[in-house]
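The block underneath contains the structure these notes are about, expressed in structure tokens.
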Amino acid sequence: DAGVTQSPTHLIKTRGQQVTLRCSPKSGHDTVSWYQQALGQGPQFIFQYYEEEERQRGNFPDRFSGHQFPNYSSELNVNALLLGDSALYLCASRGTGLYEQYFGPGTRLTVT
Amino acid sequence: GQQLNQSPQSMFIQEGEDVSMNCTSSSIFNTWLWYKQDPGEGPVLLIALYKAGELTSNGRLTAQFGITRKDSFLNISASIPSDVGIYFCAGQSPGGNNRKLIWGLGTSLAVNP
């Protein structure tokens with residue numbers, strides 16, 4: 001049973017560029033959440049997708065957008081990258097009616 | 001945004017010692033989750049708690065959902081070097097299961113062999 005997978009593992013971008021991160025949820029899970037984790041900090045909630053719609057959103061600007069596909073996989077897009085966007089981006093999935101979230105290994109984004 | 005108060009912030013202990021950490025909130029939660037995160041990796045779920053007063057074990061780990069529903073603790077018995085990492089608590093407030101998790105800032109654990 002595959003767990004949550006994310007790609008790519010690492011990414012280096014320059015300021016002003018755009019980036020797309022990808023996530024495949026754990027088998028049987030239909031809800032995907034994205035988090036940003038800066039070094040030494042806890043995960044910060046970006047948004048959650050269920051049934052291909054954004055259901056909840058944290059305090060992140062519109063530069064952060066997402067998408068969920070019919071197969072429940074998800075993408076996180078960040079436009080006009082800033083140096084402060086450098087972080088570990090985590091994807092977590094859970095099943096309908098369940099509270100337990102399972103995390104992927106993360107994508108380490110470095111903005112130079 | 002809302003955050004949990006997690007303490008201690010860091011711990012440095014000898015192998016074989018027991019460890020205790022806790023999280024408190026100003027509002028009630030209906031779910032408490034405890035995660036461990038190794039450097040550069042995603043958090044791994046250790047224990048999930050759903051009822052006030054619930055005490056759940058996972059090997060050497062034991063966690064409890066506080067009676068007031070505003071706190072939770074995690075104990076690790078007989079620590080070993082692989083227990084090193086950052087432990088996070090996360091809670092979900094009542095209001096449907098689409099509500100986002102609220103996270104503590106983590107407890108960094110170091111174990112001296």
Side-chain angles (χ1 to χ4, degrees), chain A residues 3-11 21 23-26 29-51 53-60 68 87-110, chain B residues 1-10 21 23 25 28-51 54 56 58 63 65 69 72 85-110:
Chain A
V4 180
T5 60
Q6 292 185 244
S7 64
T9 306
H10 295 88
L11 204 51
L21 310 182
C23 170
S24 290
K26 184 177 168 65
H29 287 186
D30 57 9
T31 302
V32 173
S33 298
W34 286 92
Y35 292 82
Q36 180 194 67
Q37 187 177 27
L39 206 58
Q41 301 291 319
Q44 297 295 313
F45 176 74
I46 302 175
F47 42 54
Q48 178 190 89
Y49 275 84
Y50 171 68
E51 291 187 334
E53 288 188 17
E54 183 183 295
R55 301 291 179 167
Q56 289 263 343
R57 189 177 183 94
N59 295 325
F60 280 82
Q68 185 179 34
L88 181 68
Y89 286 84
L90 296 164
C91 169
S93 73
R94 63 177 175 82
T96 303
L98 302 177
Y99 294 96
E100 301 160 23
Q101 291 192 10
Y102 292 84
F103 284 83
T107 293
R108 171 67 63 186
L109 173 64
T110 302
Chain B
Q2 182 184 2
Q3 277 191 322
L4 301 176
N5 295 315
Q6 186 172 350
S7 65
Q9 184 176 1
S10 62
M21 61 192 77
C23 274
S25 169
I28 62 172
F29 283 167
N30 61 359
T31 302
W32 284 97
L33 306 174
W34 284 92
Y35 288 87
K36 177 177 183 261
Q37 186 174 26
D38 291 329
E41 299 183 13
V44 174
L45 181 65
L46 299 174
I47 292 179
L49 302 163
Y50 299 106
K51 289 169 50 178
E54 179 181 358
T56 298
N58 177 9
F65 194 141
R69 298 174 65 189
S72 177
I86 301 178
Y87 292 79
F88 289 98
C89 62
Q92 185 162 24
S93 53
N97 95 23
N98 275 337
R99 293 183 70 82
K100 62 184 181 182
L101 287 179
I102 308 300
W103 289 78
L105 293 180
T107 294
S108 178
L109 178 64

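Every chain is numbered from 1 and lettered A, B, ... according to where its sequence line falls, protein lines coming before strand lines.
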> By a 4.5 Å heavy-atom criterion (distance strictly below it), what part of A:Y35 contacts chain B: side chain, backbone, both, or neither?
Replying inline: side chain
>> Given heavy-atom pairs under 4.5 angstrom as the criterion, report whether the side chain, backbone, both or neither of A:Q37 touches chain B.
In response: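 Answer is side chain: those atoms of A:Q37 sit under 4.5 Å from chain B.
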> Is any side-chain heavy atom of B:L45 closer than 4.5 Å to a side-chain heavy atom of A:Y102?
Replying inline: yes
>> Are B:F88 and A:P43 packed together at the side-chain level, in the sense that at least one heavy-atom pair is separated by less than 4.5 angstrom?
In response: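 Result yes, sub-4.5 Å side-chain heavy-atom pair found.
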> Once you round to the nearest 0.5 Å, how far does CD of A:E100 lie from OH of B:Y35?
Replying inline: 7.5 Å
>> Quick check for you: to the nearest 0.5 Å, what is the distance between A:Q101 atom CD and B:L101 atom CG?
In response: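 The distance works out to 4.5 Å.
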>> Between A:P105, A:S33, A:G58, A:G104, who has the most heavy-atom pairs with chain B when the cutoff is under 4.5 Å?
In response: A:P105
> Is it the backbone or the side chain of B:Q37 that comes under 4.5 Å from a heavy atom of chain A, or both, or neither?
Replying inline: side chain
> Taking all non-hydrogen atoms of both residues, which atom of B:G42 and which atom of A:L90 are closest, and how far apart?
Replying inline: CA-CD2, 3.7 Å
